[in-house]
Amino acid sequence: MKSISRRSFSKKIAIATGSVALMNTIPLACAFESTPATKSLGIALVGLGTYSSYELAPSLLETKHCHLAGIVTGTPSKEKIWAEKYNIPKENIYNYENFDTIITNSSIDIVYVVLPNAMHADFCIRAAKAGKHVICEKPMAVSVAECQAIIDACKKANVKLSVGYRLHSEPHTQEIQRIVREKEFGAINFVTAEAGYPSNGNPGQWRLNKALSGGGALMNMGVYAIQGAIYAAGENPISVSAQEFSTNPGYYKDTDETISAQFEFPSGTVGNIVTSHNAKLDRLYAACDKGWFELDIAYTYGPLHGRTSAAKEISYPYQRQQALQMDDFALHITQGAINRVPGEMGLRDLKIVEAIYESIRLGGEKITLDV
Ligand code: NAD
C-alpha cells in the first residue's frame, strides 16, 4: 500500500472537502442565493481612508446580506460627514480609544479593519475580544506571528474571521479556479503572476514606511501575485527563491520597490511572480499540457478580463467585488456557507512573504516552504 504523510493526507482531505483556504475555490455561495439570510448583518468599518471611502462603503449600499452600521475613526471631522452620508446613528460611531466599548453594541455584528497593515493585528484582536466577527484587510498583518495571534483570538472568542481578498468572490477569478479544478487544459506546467502599480510620488505615505506597512510592493501588491500563482497552479508552493531590484533607492528608502520570485509546486508546476511599486502590472497566465488560460486584468476592481486557448473570452458583467465578498462572508456567518478566505489563507501568504524576504537576504537562496 502506498504510504501517505499526514501533511499530504490533510491536504488531500482539504482538496476533497474544499474546507481549507488553499483550495477554497468551490463557488458554493450560489447555492445560497435563493435563500434570503435570516438577518442583514451590521458592519463597522475601522479606518475611513481611500479603500473604505471609495470601495467598501459604496459596496455596502449594494450588499444584500450585510449593511454599513457603524464607523471607527481617528479623525473627528469624518464622523459628521459619514453619519450624514450613510445615516449612521451617533451611538454607532467610535474612535480608536473607545472602540472596545463596541462589545455592548448589538447592531454591529462584523468589524472590518481597513487600517495601515501594522495596525491590523491590534484592531482585529480587540474586535474579536469584543465578540465581533472580523474581516481583516490584506496583507493580514506584518508578520506570521501577528497572523497567528489574530487567528487564535478569533478562535478563543468563537467569532468568524476572513481576509479582504475580494477576488475569491469575483466571477472571472472563480472561472479560473474552475478551469484549474476541472483540469480543463490538463496538467499546469507554468504559471506567472504580476501585480504592481507605480507609487503616487508621496514619499511620506504609510505604504513606504516599513513600521506601518511591514514592507513595500511585496506586502501591498505581491500578495495578489502570490494568490494568483497559487489559484492558477491549484496548489501551494513547496519552495521559493527571490530577487529584489531597485531603480530608485532614493525614493524607496525604507521598503522594497520590485521583487521577482520563483516557486516550485508539488505537482511539478513552476511559478514566477513579479511585484512592483514602480510598474503597472496586472496579469495572470498559465501554460498547460493542452493549452493556456490568462487574465490580463487580473487583480484590480474590475471588470477583469481574460481568455483561454480554446478561443474563449472570460468576461462577466461588472459587479462590485467588495459587495460580493462581504455578502459571501455574511452568508458564511448566517447560513454556514463556505468561508472563501479564512484567516489561515492570510497566514499562509505571510509565511510565503517572510520566505521571500529571507531568500532575498540570503542572495536568492531557495527556501523550503511548509504552508
Ligand atoms: P489609506 O491611507 O487611504 O487609509 C488609511 C486609514 O487609516 C486612514 O483613514 C487613516 O486616517 C487611518 N490611519 C490611522 N492611523 C494611521 C497612521 N498611523 N498612518 C496612516 N493612516 C492611519 O489606506 P487604504 O488604501 O484605505 O488602505 C487601508 C488598508 O486597506 C491597507 O491594509 C491596505 O492594504 C488595504 N487595501 C486593500 C485593498 C483591496 O483591494 N483589498 C485596496 C486598498 C487598500
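Heavy-atom basis, side chains included; hydrogens, waters and symmetry copies ignored. All residue numbers in this chain count up from 1 along the given sequence.
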Ring pair (Phe, Tyr, Trp, His ring centres under 6.0 Å) between Phe190 and Tyr285, worked out = CA-CA 8 Å; Phe190 175 74; Tyr285 176 87; 7.4 Å; no
What heavy-atom pair brings [X] and [Y] nearest, and what distance separates the two atoms?
| X | Y | result |
| --- | --- | --- |
| Ala157 | Ala128 | CB-O, 3.1 Å |
| Val134 | Ala127 | CG2-CB, 3.9 Å |
| Leu324 | Ser169 | CD1-O, 3.3 Å |
| His120 | Pro139 | ND1-O, 2.9 Å |
| Ala193 | Leu284 | CB-CD1, 3.8 Å |
| Tyr357 | Gly215 | OH-CA, 3.5 Å |

Hphob cluster co-occupancy, [X] + [Y], side-chain heavy atoms under 4.5 angstrom:
| X | Y | result |
| --- | --- | --- |
| Val163 | Tyr51 | no |
| Ile151 | Val144 | yes |
| Leu350 | Ile273 | yes |
| Val113 | Tyr96 | yes |
| Val240 | Ile230 | yes |

Any salt bridge linking [X] with [Y]? Criterion: basic side-chain nitrogen under 4.0 Å from a carboxylate oxygen.
| X | Y | value |
| --- | --- | --- |
| Lys351 | Asp370 | no |
| Asp109 | Lys39 | yes |
| Glu175 | Lys312 | yes |
| Arg166 | Glu55 | no |

Using side-chain heavy atoms (C-beta onward) and a distance below 4.5 Å, is [X] in contact with [Y]?
| X | Y | value |
| --- | --- | --- |
| Leu362 | Ile367 | yes |
| Ser143 | Glu354 | yes |
| His168 | Gln325 | no |
| Val180 | Tyr231 | no |
| Met345 | Met140 | no |
| Ser267 | Glu235 | yes |
| Arg320 | Tyr301 | no |
| Cys66 | Asp327 | yes |

request  = Check side-chain contact (heavy atoms from CB on, under 4.5 Å) between Thr101 and all other residues, then give those that pass, not counting sequence neighbours.
outcome  =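 Scan of Thr101 (side-chain contact (heavy atoms from CB on, under 4.5 Å), adjacent residues dropped) gives Tyr94, Asn98.
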For [X] and [Y], take the angle between the two ring planes, folded into 0 to 90°, and tell me which bin it lands in: parallel under 30, tilted 30 to 60, perpendicular over 60.
| X | Y | result |
| --- | --- | --- |
| Tyr165 | Tyr224 | perpendicular |
| Tyr252 | His277 | parallel |
| His133 | Phe329 | perpendicular |

If you measure only the distance, is there a donor-acceptor pair under 3.5 Å linking the side chains of [X] and [Y]?
| X | Y | answer |
| --- | --- | --- |
| Thr192 | Glu194 | yes |
| Tyr299 | Gln227 | no |
| Ser199 | Gln205 | yes |
| Glu91 | Asn105 | no |

Would you say [X] has more than 12 foreign heavy atoms packed within less than 6.0 Å of its [atom1]?
| X | atom1 | answer |
| --- | --- | --- |
| Tyr251 | OH | yes |
| Lys138 | NZ | yes |
| Asn158 | CG | no |

N/O donor-acceptor pair under 3.5 Å between Gln321 side chain and Thr300 backbone =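 Yes.
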So among [options], which one has a side chain to side chain contact (heavy atoms under 4.5 Å, CB included) with [X]?
| X | options | value |
| --- | --- | --- |
| Leu304 | Leu167, Ile314, Asp296 | Leu167 |
| Ser213 | Leu208, Thr255, Asp254 | Thr255 |
| His65 | Leu41, Asp328, Leu331 | Leu331 |

Tell me which donor-acceptor pairs under 3.5 Å the side chains of residues 75-90 have, and how far apart each pair is, sequence neighbours excluded?
| unit_1 | atom_1 | unit_2 | atom_2 | d |
| --- | --- | --- | --- | --- |
| Lys78 | NZ | Leu48 | O | 3.1 |
| Lys80 | NZ | Glu84 | OE2 | 3.3 |

inquiry  = List the residues meeting ring pair (Phe, Tyr, Trp, His ring centres under 6.0 Å) with His67, not counting sequence neighbours, and say none if there are none.
reply    =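 Ring pair (Phe, Tyr, Trp, His ring centres under 6.0 Å) check on His67 returns nothing, list empty.
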Atom pair CD1 (Ile102) and NZ (Lys132), whose distance is rounded to the nearest 0.5 Å =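 Ile102 CD1 to Lys132 NZ: 6.0 Å, rounded to 0.5 Å.
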